[in-house]
*Asks:* 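Handing you this structure, nothing more for now.
Naming convention: chains lettered A, B, ... in sequence-line order (proteins, then strands); numbering from 1 in each chain. Both backbone and side-chain heavy atoms feed into the values below; hydrogens, waters and symmetry mates do not.
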Amino acid sequence: MPNEKPEKPANFIRNIITEDLKHGKNDGRVHTRFPPEPNGYLHIGHAKAICLNFGIAEEFGGKCNLRFDDTNPTKEEEEYVRSIIEDVHWLGFDWEDRLFYASDYFEKMYEYAEQLIKKGKAFVCDLNAEEVRQYRGTLTEPGKESPYRNRSVEENLDLFRRMRAGEFPDGTRTLRAKIDMSHPNLNMRDPVMYRILHANHHRTGDKWCIYPMYDWAHGLEDSIEGITHSLCTLEFEDHRPLYDWFLEQLDVHHPQQIEFARLNLSYTIMSKRKLLELVRDGYVDGWDDPRMPTISGLRRRGYTPESIRYFSDLIGVAKRDSVVDIAMLEYCIREDLNKNAPRRMAVLKPLKVVITNYPEGKEEDLDAINNPEDASAGTRKVPFSRVLYIEQDDFREDPPKKFFRLAPGREVRLRYAYFIKCVDVVKDENTGEIKELHCTYDPATRGGDAPDGRKVKATLHWVSAMHAVDAEVRLYDRLFSVPDPGADKEKDYKEFINPNSLEILENCKLEPSLSNAKVSENYQFERLGYFCVDSKYSSAEKLVFNRTVSLKDTWAKIKKAMAEEARKKKK
RNA sequence: UGGGGAGUCGUCCAAUGGCAGGACAUACGGCUCUGGACCGUAUAAUCGGGGUUCGAAUCCCUGCUCCCCAGCCA
């Protein structure tokens, strides 16, 4: 990831390019592009495509363009352009001066269209949408030719120019390619090239009222930019014959389209439509909600660009539909943060501990290691005093088997501090709720080691009460409670939203050095997980942290297994 | 039932006629001032049936399963 792991495994796209290069295709050039439509925020699936396209270019000494495929003004917005630029850049890729827009080519595309008309390969069709559908035929039956198919070149040219001039209302006419209405591939049955749309475009304004369709536009965009390998997802496989047909008719530079399988991730959805719905209808807190699989959501959650690029390398590229286990993504961020995130102590669910034999009013600073994986990260001072907080989960009055942590009469270590022994449990008289613990400490164990060599089975994190910084901490779980929320044909995916995907903890206690944590810094809260300052809600008055991902938790597994066993016994 | 694709450990990806390998996940052990990290071990796959070949995940035939396509979306 960050440093090592240079060798990327082979994949079929790389093999094709290597072969092309061997045969001197494209004069040895490799030029790719990432062509998003600005109609939504980028997600982890796009990250795969971005890493693929930019990665391939880099690997073969080529270039990769960032190009907005903005051919549908009714769905596209400036905000999406802005976010996409930000996200691709944040992922760590550079398109230099090659930021392009399909809309910049509208004039050129129009000229090409007239060329096709003049060649008798395109015609203006007066059928409406419903009629076009009827004429298209079905999967198993051929279509019928449009009655307008055999207009003269002159009439087509005249009509097409008048379409451009705005003489006709939306939907009344289209420009269509003249191919074959009985072609077994539906895309080849005289596909629409232009539709009339009197809509304001985010870049060209009201200049155009006809807009090119994807199939017509995309190959031209690639061709104009001198793209050599046009990588896209599997659903465009059926469109490749059309992509090729247009470029052949025009006799222009002809990139090679190669399709790969889009990314699916377990316990989440990747459909832009559904993601938009979650945002629009308030199921989540915007596109950058930390539970969203969007790049901006992952960023706010605390994922690093490195971890996402590493993930992209790990999952590989192939043509078969697949669902990557979300555990793979979590592995990638842990792998990165374990090496790079400074450690801190934070208590999420505080339980008060009074060290009864520690002098009142005494304070001392203890040395704590910032990152055991990185000696250069150094150490810091952590204040200790008579009253502390530990995690509620770290104490059990009646400890089960395999529970190593604090219990009445038991001795544990406070990390970087002292051994303490629990001598008393103070409870609320009425509720029986544990209010605080009374412990004694062994002054000889200062720093965390016993001179007599005695061992403890657990080390707990802690925070000095009088020095603690208050914070809110947000714990996230997977957004959906089933592995494939989109799979059920009976039920709507929203029924599978995990009601516990967000848990807000209000009363958290942090070690004081965390008070000046900045957005985009990642920390490990020892024994808990990786956390970062929330870019949206955190402020000087109120610190808010997000949990990026928990640490691997062996104890949680043991607990789960024990519960499972108990359940079985009952049966 | 037309066309286009795809089937390899639970998951993802390799092996391009020559010992089916890696990663994640899982289980167990070691180590540990994070029940983290790290180290080690184990479990675990070529969709089925034929054929070609000294040798097949790979080539051929055949069957099965899954995905995509009937937007004036991309």
*Asks:* Are W555(A) and the base of rG35(B) stacked, counting only ring centres nearer than 5.5 Å and planes tilted under 30°?
*Replies:* yes

*Asks:* To the nearest angstrom, how far is M193(A) atom CE from rG71(B) atom C1'?
*Replies:* 17 Å

*Asks:* Which base sits across from rG2(B) as a Watson-Crick or G-U pair, both distances under 3.5 Å?
*Replies:*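 Looking at the geometry, rG2(B) pairs with rC69(B).
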
*Asks:* Which sits closer to the 5' end of RNA chain B, L234(A) or D449(A), going by the nucleotide each is nearest to?
*Replies:*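 In this pair, the answer is L234(A).
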
*Asks:* Quick one: pull up CG in N338(A) and NZ in K552(A) and give me the separation to the nearest 0.5 Å.
*Replies:* 10.5 Å

*Asks:* Under 4.0 Å between a side-chain nitrogen and a carboxylate oxygen: does that hold for D553(A) and K559(A)?
*Replies:*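 So D553(A) does not pair with K559(A) through a salt bridge.
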
*Asks:* At what distance, to the nearest 0.5 angstrom, does CD of E335(A) lie from OG of S307(A)?
*Replies:*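 It comes to 11.0 Å.
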
*Asks:* Round to a whole Å and report the spacing from CG of L337(A) to P of rU34(B).
*Replies:* 19 Å

*Asks:* Output the rounded distance in Å from CZ (R195(A)) to P (rC73(B)).
*Replies:* 4 Å

*Asks:* Could you state the atom-to-atom distance from CZ of R343(A) to P of rU32(B) in whole Å?
*Replies:* 19 Å

*Asks:* Is the phosphate of rA37(B) approached by K552(A) (side-chain N or O, under 4.0 Å from OP1 or OP2)?
*Replies:* yes

*Asks:* Across the strands shown, which category fits A129(A) at heavy-atom distances under 4.0 angstrom: base, sugar-phosphate, nothing?
*Replies:* base

*Asks:* If you look at every strand shown and take non-hydrogen atoms under 4.0 Å, does I558(A) touch a base, only sugar-phosphate, or nothing?
*Replies:*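 Base contact.
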
*Asks:* Work out how far the C1' atom of rC19(B) is from that of rU58(B), and round it to whole angstrom.
*Replies:* 16 Å

*Asks:* How many Å lie between CG on D394(A) and P on rU34(B), as a whole number?
*Replies:*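 It is 13 Å, rounded to the nearest whole Å.
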
*Asks:* Contact class for R136(A) vs. all strands (heavy atom < 4.0 Å): base, sugar-phosphate, or nothing?
*Replies:*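 Sugar-phosphate, backbone atoms only, no base.
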
*Asks:* Quickly work out the I315(A) CD1 to rA14(B) C1' distance and round it to whole Å.
*Replies:*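 In whole Å, rA14(B) C1' lies 15 Å from I315(A) CD1.
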
*Asks:* What nucleic acid atoms does P212(A) come within less than 4.0 Å of, heavy atoms only: base, sugar-phosphate, or nothing?
*Replies:*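 It contacts sugar-phosphate atoms only.
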
*Asks:* If I pick the C1' atom on rA20(B) and the same atom on rG55(B), what distance separates them, to the nearest angstrom?
*Replies:*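 Rounded to whole Å, the distance is 15 Å.
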
*Asks:* Determine the interplanar angle of the Y101(A) and F68(A) rings, folded into 0 to 90°, and report it as parallel if under 30°, tilted if 30 to 60°, perpendicular if over 60°.
*Replies:* parallel

*Asks:* By the 4.0 Å heavy-atom rule, please label R405(A) as base, sugar-phosphate, or nothing.
*Replies:* base

*Asks:* Measure CD/Q524(A) against P/rG35(B) and give the value in whole Å, please.
*Replies:* 10 Å

*Asks:* Classify the angle between the aromatic ring planes of H218(A) and Y243(A) as parallel (below 30°), tilted (30 to 60°) or perpendicular (above 60°).
*Replies:* tilted

*Asks:* To the nearest angstrom, how far is D170(A) atom CG from rG71(B) atom C1'?
*Replies:* 15 Å

*Asks:* Assign H239(A) to base, sugar-phosphate, or nothing according to its heavy-atom contacts below 4.0 angstrom with the strands shown.
*Replies:* base

*Asks:* Under 4.0 angstrom, heavy atoms only, what part of the nucleic acid is E237(A) near: base, sugar-phosphate, or nothing?
*Replies:*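 Sugar-phosphate: the residue E237(A), judged by heavy atoms under 4.0 Å, touches backbone atoms but no base.
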
*Asks:* Please classify the nucleic acid contact of P35(A) as base, sugar-phosphate, or nothing, using heavy-atom distances under 4.0 Å.
*Replies:* nothing

*Asks:* Mind checking D238(A) for me? I need base, sugar-phosphate or nothing, with any heavy atom below 4.0 Å counting as a touch.
*Replies:* base

